[in-house]
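Numbering of residues begins at 1 and proceeds along the displayed sequence.
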Amino acid sequence: MTLVAGVDSSTQSCKVLVVDPETGHIRAQGGAPHPDATEVEPRHWWTAFTTASEATGVWRDVRAVSVAAQQHGMVALDGAGDVVRPALLWNDTRSADQARALVAELGGQAWADAVGSVPLPSFTVTKLAWLAEHEPANAERVAQVLLPHDWLTWRLLGCPEMAVTDRSDASGTGYWSPSEGGYRPDLLTRAFGRVPRTPRVLAPAEAAGRAAG
């Protein structure tokens, strides 16, 4: 039987729901907790996903997966795809000073016009500014920046060279313009001092790819 699955990798846990696409009947579900913290090693998300998916007992029959996850967090990878430091989650507010500085430098209206929102400590752009200011050695190692959602999808796809994201997640970074449909490298440079690699933004109905294995 062909089944489809929805994955919710939230702040507190990973939940997997497996459904029969023909009838909408729920066939199975599983879940596993995430660490209770504002910064987390991404490997814990993968462990929770693996545990939750295996707990369904029918994962081998799943043929399509949709992934949803927490937004805004900063997952910094080096050139080899290794995590530079624990991911800063949306609820980590250590970048409050950087958020205020970015707004003061450019102006709140200018930010709103550029990306549809004004930087807050939860946004990825402010976390990158914090990293550049407080952990310059780690910042120097960063080759690619993902969100938690992007990282889990990237792992599912076998860690390809180019990660992918969607418009919803991209619009919450603080350096992607919904009106222009593209990243704003000038804002990334303002916050981080340079432009690391960012995920390709998928079209609304575009599949991310095929899962590895």
Side-chain angles (χ1 to χ4, degrees), residues 1-77 81-83 86-92 122-124 144-173 176 178 181 197-213:
M1 176 180 291
T2 297
L3 300 173
V4 297
V7 176
D8 176 18
S9 182
S10 68
T11 311
Q12 297 176 324
S13 66
C14 181
K15 298 175 284 292
V16 176
L17 190 71
V18 181
V19 177
D20 181 333
E22 297 295 329
T23 65
H25 176 67
I26 297 174
R27 286 292 310 279
Q29 53 190 308
H34 287 158
D36 183 15
T38 63
E39 66 171 29
V40 173
E41 288 284 356
R43 59 184 171 82
H44 292 301
W45 301 331
W46 184 253
T47 298
F49 163 72
T50 301
T51 300
S53 60
E54 291 178 351
T56 66
V58 294
W59 189 254
R60 67 184 181 279
D61 296 322
V62 171
R63 293 296 176 266
V65 181
S66 179
V67 179
Q70 55 180 296
Q71 288 189 300
H72 306 308
M74 180 191 73
V75 183
L77 305 181
D82 295 324
V83 176
L88 298 183
L89 307 188
W90 65 271
N91 55 355
D92 191 305
S122 58
F123 290 3
T124 318
Q144 182 172 202
V145 181
L146 308 180
L147 272 64
H149 180 193
D150 309 334
W151 186 87
L152 186 56
T153 302
W154 178 73
R155 281 295 306 267
L156 279 166
L157 296 177
C159 306
E161 182 176 356
M162 176 61 74
V164 295
T165 189
D166 58 43
R167 290 177 63 95
S168 177
D169 267 16
S171 66
T173 60
W176 191 81
R197 193 160 72 251
T198 49
R200 181 174 68 85
V201 180
L202 298 169
E206 182 180 1
R210 298 185 66 86

(message) To the closest 0.5 Å, what do you measure between CZ (R210) and CG (L156)?
(response) 13.5 Å
(request) Considering non-hydrogen atoms only, spot the tightest contact between V16 and A52 and give its length. (result) CG2-CB, 3.7 Å
(message) As a quick check of understanding, evaluate ring-ring contact (aromatic ring centres under 6.0 Å, His included) for W59 and F49, giving each step before the final call.
(response) CA-CA 12 Å; W59 189 254; F49 163 72; 5.6 Å; yes
(request) Would you name the heavy atoms of P148 and G73 that are closest together and state the gap between them? (result) CD-O, 3.6 Å
(message) So, taking the atom named CD in Q70 and the one named NE2 in H34, what distance separates them when rounded to the nearest 0.5 Å?
(response) 7.5 Å
(message) Just verifying a value: how many Å separate S122 OG and L89 CG, rounded to the nearest 0.5 Å?
(response) 11.5 Å
(message) According to side-chain contact (heavy atoms from CB on, under 4.5 Å), who are the partners of S66, at least two apart in sequence or on a separate chain?
(response) none
(request) Of all the heavy-atom pairs spanning A48 and A32, show the shortest one and how long it is. (result) O-CB, 3.5 Å
(message) Test of understanding: with side-chain contact (heavy atoms from CB on, under 4.5 Å), list the residues that count as partners of P35, not counting sequence neighbours.
(response) V40, H44
(message) Counting C-beta onward and ignoring hydrogens, is there a side-chain heavy-atom pair between T173 and V145 closer than 4.5 Å?
(response) no
(message) I need the full list of side chain to side chain donor-acceptor pair (under 3.5 Å) pairs touching residues 152-172, with sequence neighbours left out, sorted by first then second residue.
(response) Q71-S168, Q71-D169, H149-D169, D150-T165
(request) Determine the minimum heavy-atom distance between V75 and A87, stating which atoms define it. (result) CG2-CB, 3.9 Å
(request) Give, for atom OG1 of T2 and atom CG of D20, the distance between the pair rounded to the nearest 0.5 Å. (result) 9.0 Å
(request) Name all pairs fulfilling the salt bridge (charged side-chain N to carboxylate O under 4.0 Å, His left out) condition that reach into residues 31-40, sequence neighbours left out, sorted by first residue then second. (result) E39-R85, E39-R94
(request) Would you indicate whether the side-chain heavy atoms of V83 and L77 approach each other to under 4.5 Å? (result) yes
(request) Heavy atoms only: give me the nearest A208-L157 pair and the separation to one decimal. (result) O-CD1, 3.6 Å
(request) Write out all pairs satisfying salt bridge (charged side-chain N to carboxylate O under 4.0 Å, His left out) with one or both partners inside residues 41-55, taking only residues at least two apart or from two chains. (result) none
(request) Looking only at non-hydrogen atoms, find the nearest pair between A5 and V62 and report the distance. (result) CB-CG1, 3.8 Å
(message) Using a 3.5 Å distance criterion without hydrogens, assess whether the side chain of T124 forms a donor-acceptor pair with backbone atoms of H72.
(response) yes
(request) Any chance you could measure H25, atom NE2, to L3, atom CG, to the nearest 0.5 Å? (result) 10.0 Å
(request) Report the residues that fulfil side-chain contact (heavy atoms from CB on, under 4.5 Å) with T198, sequence neighbours left out, ordered by chain and then residue number. (result) Y175, Y183, L188
(message) What I want to find out is whether D8 reaches K15 closely enough, with some N-O distance under 4.0 Å, to be called a salt bridge.
(response) yes
